[in-house]
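Here is the structure we will look at, set down as structure tokens.
Counting starts at 1 for both ligands and their atoms, following the listed order. A quick note: this is a predicted structure, and the numbers were derived from the prediction, not measured. For reference, positions follow the sequence shown, starting with 1.
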Amino acid sequence: MVQRNPCIANIKTAYLFPEIARRRREYAAAHPGVRIISLGVGNTTEPVFPHTGGGLSAGAAALAASETYTGYGDEQGLTALREKIAAVLYKGMVAADEVFISDGAKCDIGRLQLLFGAGTQAAVQDPSYPVYVDGSVLIGAAGGAIQGAVYRGLTYLPCVEENNYFPDLDLIPPNGLVYFCSPNNPTGVVSDRKQLAALIEAVRGKGSIIIFDAAYCEYIRDPALPRSIYEIEGAKSCAIEVNSFSKSAGFTGVRLGWSVVPKDLTYVSGESVNADWNRICTTIFNGASNIAQAGGLAALDDEGLKETRALTDFYLGNAKLIRGALRRLEISCVGGDNSPYIWAHFPGRDSWDVFSEILEKCQVVCTPGAGFGPTGQDFIRFSAFGHRADVEEACTRLGNLKQGTQKINR
Ligand code: PL4
């Protein structure tokens, strides 16, 4: 008999989003005819805009003609797309051969963990996108669970109201990884330049590396806030960035993202992380779909960038409605102004109980904060991804909660 990978055995709870889907299905089965609205998973709902969609269509059409057909491409992605991302999105802050095209940020986060392996200490913002934690467990870098989904070998960096949702940098482990997400999932809070400069200084001082997840950077409206870690001096020697077309172009189902691994970045041994990432990508990844990449190229044209702005404006409009509804209920919340997530506080409550209450009283699905880490225990995340009419209806239904908690503090 073949032995089970003991790291898999360390995972103690179901992955968050399928668990929410399971509970939703269970509720729907018990309440036939009830229309459930989702403000849960961060999944885009609006159609791809025409110029970007035209890129996808052209990519598909090219496959149907012998003159334009293409098969496997470079595993690192189309040179034209790597160059365009470097030029248009990073304004030359990174070079094209530091950009690696992928099938999405989530997949990159999983593969990046192979660079560092089981022995590397990892720190995560608490709360954070669960893939950083669960991925670390699967690679063997987190050890066993202490309780629930809290793992012995991980360093949790609480990001709470008391510290303005920015962690105590003294907690960062030496020679380890720091997963950092801004705009943050789930809190919706964006770190400013001063905070990211302090993060970089701390990480460099400890010989650690940041894996910076900028998947929601196109939602930033405050021009003073950084959209990429590479806007901050020193980042190229200590940070990898992951990003995606999912939430900017509506490509959640298309699957297209990228990572930036600077050539300045080295291990403690002095060897190049970029060279190893190239080796991993070429070995166990076979390149993003050529149709998706054609769409990505169109999304980065002037017209495509306008579409990104319009799409993200739309979801930010939803976020404003959700914040308004919570405000009327006097539920304290953050986020939603430069991000599509709103982090709402239900002091003293268990977030899975609040999830059930909202489902039962409002037929609205949300995401329990406990799924993002221990500090999320009495929080609920509301996602602004949804059709406008559904979000409006959900906001009306939230009135059924009629729950006064604490005063709005942001
Ligand atoms: C549900 C901080 C959503 N099944 O689409 P990708 O792979 O380019 O990006 C995924 C991603 C990366 N980084 C951050 C994210 O928040 C996400 C998507 N998160 C959410 O509701 O938190 C979708 C989750 C999906 C999943 O497991 O990722």
Side-chain angles (χ1 to χ4, degrees), residues 11 13-22 24 38-45 48 77 85 100-113 124-135 138 149 159 179-191 210-220 227-229 240-260 285 288-289 292-293 295-296 299 312 315 318-319 322 335-336 338-343 355 365-373 376 379-386:
I11 289 265
T13 54
Y15 184 56
L16 178 63
F17 297 105
E19 174 60 19
I20 290 169
R22 188 190 66 76
R24 176 190 171 141
S38 176
L39 302 180
V41 65
N43 196 3
T44 47
T45 53
V48 173
I85 288 174
F100 295 79
I101 310 300
S102 73
D103 52 351
K106 177 179 178 177
C107 322
D108 272 337
I109 294 160
R111 286 187 290 262
L112 279 165
Q113 291 173 331
V124 291
Q125 287 166 292
D126 173 19
S128 67
Y129 178 45
V131 173
Y132 315 141
V133 170
D134 291 9
L138 291 174
C159 295
Y179 292 91
F180 201 95
C181 179
S182 178
N184 186 265
N185 176 14
T187 65
V189 172
V190 187
S191 297
I210 304 165
I211 297 186
F212 190 81
D213 189 337
Y216 300 99
C217 70
E218 295 297 340
Y219 287 80
I220 294 177
R227 296 154 72 95
S228 163
I229 191 74
I240 290 169
E241 184 163 297
V242 293
N243 210 319
S244 167
F245 287 88
S246 282
K247 310 296 165 55
S248 58
F251 277 19
T252 44
V254 175
R255 308 306 306 146
L256 187 67
W258 71 92
S259 58
V260 178
F285 180 59
S289 138
Q293 293 190 79
T312 50
Y315 291 124
N318 286 348
I322 297 165
N338 291 288
S339 97
Y341 296 122
I342 296 122
W343 190 235
F355 166 88
V365 172
C366 54
T367 308
F372 299 99
F379 282 83
I380 288 290
R381 188 194 78 174
F382 291 96
S383 150
F385 295 103

Exercise. Is there a nitrogen or oxygen of Y129 sitting under 3.5 Å from a nitrogen or oxygen of ligand 1?
Worked result: yes

Exercise. By number and element, which atoms of ligand 1 are closer than 4.0 Å to a non-hydrogen atom of G104?
Worked result: 7 (O), 8 (O)

Exercise. Going by the atom numbers of ligand 1, which of them fall below 4.0 Å from some non-hydrogen atom of C181?
Worked result: 2 (C)

Exercise. How does Y341 reach ligand 1, by side chain, by backbone, by both or by neither, if only non-hydrogen atoms under 4.0 Å count?
Worked result: side chain

Problem set entry | For ligand 1, the portion of F251 having any non-hydrogen atom under 4.0 Å away | neither

For this session: Examine A105 against ligand 1 and note whether any of their N/O atoms are separated by less than 3.5 Å.
Result: yes

For this session: Over 60° means perpendicular and under 30° means parallel, so classify the ring planes of Y341 and Y216, tilted if in between.
Result: perpendicular

Seminar exercise, completed: If we number the atoms of ligand 1 from 1 as shown, the ones under 4.0 Å from a heavy atom of R255 are 5 (O), 6 (P), 7 (O)

Seminar exercise, completed: Tightest non-hydrogen contact, residues K247 and A215, listed as CB-O, 4.2 Å

Exercise. Just heavy atoms, cut-off under 4.0 Å: does F385 contact ligand 1 by side chain, backbone, both, or neither?
Worked result: neither

Problem set entry | Whether F212 and F180 hold their rings parallel, tilted or perpendicular, with breakpoints at 30° and 60° | parallel

Exercise. Quick one: does D103's side chain have a donor or acceptor within less than 3.5 Å of a partner on R255's backbone?
Worked result: no

Exercise. What about G42: any of its N or O atoms under 3.5 Å from an N or O on ligand 1?
Worked result: yes

For this session: Consider every N or O of T252 and every N or O of ligand 1, then say whether any pair is closer than 3.5 Å.
Result: no

Exercise. By number and element, which atoms of ligand 1 are closer than 4.0 Å to a non-hydrogen atom of Y132?
Worked result: 2 (C)

Exercise. Side chain, backbone, both or neither: which part of D213 comes within less than 4.0 Å of ligand 1 when only heavy atoms are counted?
Worked result: side chain

For this session: Return the option from W258, Y15, Y216, F372 holding the heavy atom at the smallest distance from atom 27 (O) of ligand 1.
Result: Y15

